[in-house]
Every structure is written in structure tokens, then in C-alpha cells.
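Some notes on the structure that comes next.
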Amino acid sequence: MEWLTAPFEVSFVQRALWGGFLVSAICALAGTWVVLRGMAFLGDAMSHGLLPGVALAALSGGNLMVGAVASAAVMTAGVTALGRTPRLSQDTGIGLLFVGMLSLGVIIVSRSQSFAVDLTGFLFGDVLAVRQRDLYLLGAALLIALAVAALGHRAFLALTFDARKARTLGLRPRLAHAVLLGLLGLAIVASFHIVGTLLVLGLLIAPPAAALPWARGVRGVMALAALLGAGATFGGLLLSWHLSTAAGATVAALAVSLFFLSHLASGLRHRRTRPASVPAPEAH
């Protein structure tokens, strides 16, 4: 029992645990729509597009979270604008923004004396460095995400399954898409400090994807995804403590492992419940 509880008696691990719980809830709210709409590439592009803002904040001695929010806003506006260009596919526009923002960020960071340290923390996160004020910021971000998810649920649902019907219902799909991008940006900004931008998709996509075979309805997927993300956070921190591995990477790896276990168990369940085929009658 001591093996299970000992790590969480340390204050910085406790803060990491609560930070991971809050981020798991935020990612469940945004990640469910990412999974349902097949927006994984967009999530990856937006997470790497945070680098210029974070780099400028690091060079000027400012708050990294503020820099990340600024970059997320630029990415959201850019994706929304390029999405309205009829001759340019959405994937092409997202790819161009992805490369452009990442290149700009690397150029900015390369001007810093602490290039390696800044970039490593940005890419892989530092969940064990979560401070008390970070928890307050994450709590505020969760409240905002809950409000956006609740107010925009009907529009997001219509946009996901039938964008033309959303337009006929007066739900303004373009505005809904922009708001959904904002929710995605909020989740990524909240998560990059925990698992880093390279691994943010682990918490953003893996728990909702793992919840899909077991939950009924979008809200059910969100709730189960939040629980799975919290479980991955707890298990990842526990394993990281005892195995001396990178905490953020262990959390993300465990979240992905839960996805594979979920779909394996779902496949076995369907095999057991599938009715036996009736043999064809023999010809005489």
C-alpha cells in the first residue's frame, strides 16, 4: 500500500496530480469533438503552433501561458480564415500554418542562450513543476471550457454530423467551427505545460477514443474520457516515481495504452455477444 501512496505524499506530486486531473477534464471536453470530427491533424498542428508565442514569452521574461494563448489565438484565426478559401483544402491550409508557425518559433528560440532548456520544456512538458497558481489557472480554464461546451453543444453536434442541417437550423456552422477551434486551443494551452506539445495528443485524443466503444452519447464519452485521463495521470505519475521515467511522457503513454486496451476489450465483447451463424442446410 505504501508503494501506491508514497509518491502522493510529496507536495509537488500532489500538485502534478491535481493539474493532470484538471487538464484531463478540459481535454475530454475538447478531445471528444476532435475524435468525432476527425480533427487529429488540426490538434497536432495547433499544439506545435504555440511555439512562437511561448518563445517570445520566454525571451522577454513573460508568462509562458500568455504567450501560448496568443499563439493559439493566431492559429485559430488563421485556420478559420483559410477554411473560407474555396480553392484551398482545409488540410493544406492547416499544414502551411503548422510549418510556418513552427519555423517562426524555432527561429525565435534559436536567438536565446537557453535554447535547449526552453525547447525541451516546451516539447515534453514538466508536470512536476506545476505551481499552485497554475492550478488556479487550470481551474479557470476548466470553467470556461465547461461553459463553452454546454452553450455550444447543440451547434457542435449538428456541425459534426450534418453541417448543412446546422445551417438550415440557424446554428451558424462557421461561428460554431471557430468557437470549437477556440475550445481546442484552450485545451492545448492548458495541456502543454503538463505533457508538452509533442505528447499533448495523448491526453487530448486517447481518452475520448478509448471511451467511444463504452459510452452512450457525446456527454457520456466526455465523462468517461475525463475519468480515463485522470486514471492515466494517476498511473503515469505513480509509474514515473518508481521507474524514474519522464512523468509527462509516462502519463501520455499510459493514456494511449488505455486506448488499445479499451478497443481490445471491446472487440472481445463483440465476439462473445455476436450470435452464432446458422449452418446452411445440406443438399440432398
Side-chain angles (χ1 to χ4, degrees), residues 23 25-54 65-86 88-102 104-105 137-138 140-167 169-193 195 197 200-205 207-209 218 221-222 225:
V23 165
I26 298 170
C27 285
L29 294 170
T32 297
W33 298 113
V34 171
V35 170
L36 290 176
R37 296 196 63 200
M39 296 165 57
F41 176 58
L42 175 59
D44 190 36
M46 288 192 69
S47 64
H48 288 77
L50 300 185
L51 185 55
V54 173
M65 192 73 76
V66 174
V69 169
S71 278
V74 172
M75 283 292 293
T76 300
V79 171
T80 302
L82 289 176
R84 296 177 181 177
T85 305
L88 189 68
S89 70
Q90 188 175 35
D91 281 352
T92 302
I94 292 170
L96 291 171
L97 280 172
F98 171 28
V99 175
M101 291 289 281
L102 186 59
L104 178 61
L137 288 173
L138 290 174
L142 177 57
L143 292 177
I144 294 171
L146 282 168
V148 171
L151 294 173
H153 181 82
R154 185 165 173 257
F156 296 161
L157 195 63
L159 183 65
T160 298
F161 296 105
D162 194 339
R164 288 177 297 181
K165 188 174 181 180
R167 190 175 292 107
L169 292 173
L171 295 176
R172 303 179 67 183
R174 286 187 177 179
L175 177 60
H177 182 68
V179 173
L180 185 56
L181 290 179
L183 180 61
L184 174 59
L186 176 65
I188 291 171
V189 168
S191 305
F192 91 91
H193 187 55
V195 293
T197 56
V200 68
L201 293 184
L203 282 181
L204 188 68
I205 292 179
V218 175
V221 174
M222 289 178 176

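Everything quoted here is computed from the prediction, not taken from an experiment. We use all heavy atoms of the structure for the numbers below, so side chains are in, but hydrogens, waters and symmetry mates are not.
In this structure the side chain of Leu180 reaches within 4.5 angstrom of the side chain of Arg37, judged on heavy atoms. The shortest side-chain heavy-atom distance between Leu181 and Met39 falls under the 4.5 Å cut-off. Residues Val179 and Leu183 are not in side-chain contact: their nearest non-hydrogen atoms beyond the backbone lie 4.5 Å or more apart.
Among all heavy-atom pairs drawn from Ala45 and Ile94, the shortest one is CB-CG2, 3.5 Å. When all heavy atoms of Ser191 and Val200 are compared, the closest pair comes out as CB-CG2, 3.4 Å. Residues Leu204 and Ala187 come closest through the heavy atom pair CD1-CB, 4.0 Å. Closest approach of Leu97 to Gly78, counting heavy atoms only: CD1-C, 3.4 Å. Scanning both residues, Ala225 and Pro207, for their nearest heavy atoms gives O-CB, 3.3 Å. Between Ile26 and Ala145, the shortest heavy-atom contact is CG2-CB, 4.3 Å.
Separating the OG atom in Ser71 from the CG atom in Leu104 is a distance of 8.0 Å, to the nearest 0.5 Å. Separating the CZ atom in Phe98 from the CG atom in Leu42 is a distance of 11.5 Å, to the nearest 0.5 Å. Phe41 contributes atom CZ, which lies 12.5 Å from atom CE of Met46 (distance to the nearest 0.5 angstrom). In this structure, Leu184 CG and Thr76 OG1 are separated by 7.5 Å, a value rounded to the nearest 0.5 Å.
A donor-acceptor pair is defined here as one N or O able to donate and one able to accept, closer than 3.5 Å; such a pair exists between the side chain of Ser47 and the backbone of Asp44.
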Report all side-chain donor-acceptor pairs from residues 27-35 shorter than 3.5 Å, counting only partners two or more places apart or in another chain.
| unit_1 | atom_1 | unit_2 | atom_2 | d |
| --- | --- | --- | --- | --- |
| Thr32 | OG1 | Ala28 | O | 2.7 |

